[in-house]
Amino acid sequence: MKRFNATTLRRGAIAPLAALFIVFIVGLAAFAIDCGVITLARTQLQAAADAAAIAGADALSSGTTTATTAAQTIAQANYAGGAHVSVVTSSDVEFGTWDTSKSTFTVLTGAAASGANAVRVTCWLSQSRGTGLTLFFAPIWGHSVTTVSAQAVAMKGSPACGFVGLNSASFSGSSYTDSYDSSSGSYSSSTAGSNGNICGNGNISLSGGTVHGNATPGPGKSVTTSGSASVTGTTTAATQDLVESAIDSSAASTTNNNSSIGKSTKGHVAYNSSTKAFSLAGGDSITLSAGTYYFSSIKLSGGSTIKMSGATTVYVTGNVDLSGGNVATASSIPSNFKLYVQGSTANISGSSALYAELYAPSSAITRSATASYFGSIVGLSLKMSGSGGLHYDTSLGSSNKYAELVQ
């Protein structure tokens, strides 16, 4: 009788188990490697889709044919998984509208595509197109090539608006708009630009003056002109409403430079520390040091003047009335006077030029003056009259916003 010892039996059992484990481990390694290959290819495709969507959206103003060519050219200049990215069919470059409030893309086809404000690009490594991604170990299981795709949506840029009346905007008299860049020097009528754009979500009414730029009303709204009024740019309605952020003055309410405010040149107290109201009258003047200020209201009258020694930011929780006075912004550079108004009204009329970046999305803004305004204005409504020019300072924001990815 042949005898088997325990060691021999164990060796016989472990050998096939080891073989099975080796196959399992090799399989896992193969799976991990191919997953890594797919992940890398998808990342490369996403980069191509992002670049192509931006290129297409940036070219939208020249028409969908030009936009399609731009998107395809950029996409196909990229490699993913060692092959050229494929963007060739009509469904690879789609045109539509992007709803920022809902983050949704609605495809437009045919003639409707001319109203698109966004482009969606899908990039492929497709087996059916002869550009499938080749795998290393998957052929063991009968899958040597796979299809991978990536998608991106970009929204076209629009000319920045220096003057915004969210609900409405009206211009009368001989006032006019244009643009300049304060970072390149002072304003000059001989070199003024044509980015004095007016925008809003409602109608725009022009009964005088010239808009050297675009007048863009809200979706479904219109621009009406009468008298000598004219617009050098477009008057096409926007495809979606403008949305402006609410003002947050909470930080300024506790950390500010209010305590540095002294008496006026005539010895008057301009700032009431109890009510936080600021007022100046009777040809008086006061100088504010550079910093941040927090007021409940501002009222200038009697030819009074606020002088600013440096960059100054002012938050006002109530109303602003500059109609009887003047503000001397440091170096006559709009960005040196940032005025945030939370009240219902802001009157910025005055006898001298005003340099400011006025942001008051909940305020009815009025201006009636012979003096010019330099900078930008955002209000709930705009009512501009008089003869002074409104000069948008493009250094406050690019005059041509580039297309941007939205998905």
Look up atom [atom1] in [X] and atom [atom2] in [Y], then write down how far apart they are to the nearest 0.5 Å.
X      : Y      : atom1 : atom2 : result
Cys161 : Asn197 : SG    : CG    : 5.0 Å
Asp321 : Asn347 : CG    : CG    : 5.0 Å
Ser194 : Asn214 : OG    : CG    : 8.5 Å
Thr39  : Gln44  : OG1   : CD    : 11.0 Å
Asp393 : Ser184 : CG    : OG    : 9.5 Å
Asn336 : Glu357 : CG    : CD    : 10.5 Å

Just so I know, are the side chains of [X] and [Y] near enough to count as touching, which here means a heavy-atom distance under 4.5 Å?
X      : Y      : value
Val164 : Tyr359 : no
Thr366 : Ile348 : no
Asn258 : Ser260 : no
Leu390 : Ser175 : yes
Leu125 : Leu45  : yes
Gln72  : Val93  : yes

Does [X] have its ring centroid less than 6.0 Å away from the ring centroid of [Y]?
X      : Y      : answer
Tyr294 : Tyr315 : no
Phe278 : Tyr271 : no
His391 : Tyr176 : yes

- prompt: Donor-acceptor pair, Thr69 side chain versus Thr65 backbone, under 3.5 Å?
  reply: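 Judged by distance alone, yes, a pair lies under 3.5 Å.
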
task: Output yes when a side-chain donor or acceptor of Ser149 lies under 3.5 Å from a complementary backbone atom of Trp124, and no otherwise.
output: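 Not confirmed, Ser149 side chain does not pair with Trp124 backbone.
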
- prompt: What is the minimum heavy-atom distance between Lys221 and Asn201, and which atoms define it?
  reply: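 Heavy-atom minimum between the residues: CG-O, 3.6 Å.
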
query: Parallel, tilted or perpendicular: which describes the rings of Phe374 and Tyr355, with under 30° parallel and over 60° perpendicular?
result: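 Correct class here is parallel.
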
With no hydrogens and no angle check, do the side chains of [X] and [Y] hold a donor and an acceptor under 3.5 Å apart?
X      : Y      : answer
Asp178 : Tyr187 : yes
Thr234 : Thr236 : no
Thr345 : Ser363 : no

message: Using side-chain hydrogen bond (donor to acceptor under 3.5 Å, both in side chains), reason through Thr317 and Ser296 one step at a time and then give a plain yes or no.
response: CA-CA 5 Å; Thr317 58; Ser296 61; 5.3 Å; no

message: Run the side-chain hydrogen bond (donor to acceptor under 3.5 Å, both in side chains) test on Thr394 and Ser179 for me, step by step, so that the C-alpha distance in whole Å, both residues' side-chain angles and the decisive distance to 0.1 Å come before the verdict.
response: CA-CA 7 Å; Thr394 59; Ser179 62; 6.0 Å; no

- prompt: What residues form a salt bridge (Lys or Arg N to Asp or Glu O under 4.0 Å) with Asp92, not counting sequence neighbours?
  reply: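 With sequence neighbours excluded, Asp92 shows a salt bridge (Lys or Arg N to Asp or Glu O under 4.0 Å) to Arg129, given in chain and number order.
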
Name every donor-acceptor pair, under 3.5 Å, that has one atom in a side chain of residues 301-312 and the other anywhere in the protein, sequence neighbours excluded.
{"unit_1": "Ser304", "atom_1": "OG", "unit_2": "Leu280", "atom_2": "O", "d": "3.1"}
{"unit_1": "Ser304", "atom_1": "OG", "unit_2": "Ser301", "atom_2": "N", "d": "3.3"}
{"unit_1": "Ser304", "atom_1": "OG", "unit_2": "Ser301", "atom_2": "O", "d": "2.9"}
{"unit_1": "Ser309", "atom_1": "OG", "unit_2": "Leu288", "atom_2": "O", "d": "3.3"}
{"unit_1": "Ser309", "atom_1": "OG", "unit_2": "Ala290", "atom_2": "N", "d": "3.3"}
{"unit_1": "Thr312", "atom_1": "OG1", "unit_2": "Gly310", "atom_2": "O", "d": "2.9"}

- prompt: Between Ser249 and Gln342, is a side-chain hydrogen bond (donor to acceptor under 3.5 Å, both in side chains) present by the stated rule, with each step listed?
  reply: CA-CA 9 Å; Ser249 60; Gln342 293 174 281; 2.9 Å; yes

query: Considering residues at least two apart in sequence or located in another chain, which fulfil the side chain to side chain donor-acceptor pair (under 3.5 Å) criterion with Ser264?
result: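 Listed in chain order: Asp284.
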
task: Could you go through the side-chain hydrogen bond (donor to acceptor under 3.5 Å, both in side chains) check for Ser226 and Ser207 one step at a time?
output: CA-CA 5 Å; Ser226 61; Ser207 58; 4.8 Å; no

- prompt: Just one of Ser183, Ser335, Ser182 clears the side-chain hydrogen bond (donor to acceptor under 3.5 Å, both in side chains) bar with Ser395, so which one?
  reply: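 The single option meeting the side-chain hydrogen bond (donor to acceptor under 3.5 Å, both in side chains) with Ser395 is Ser182.
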
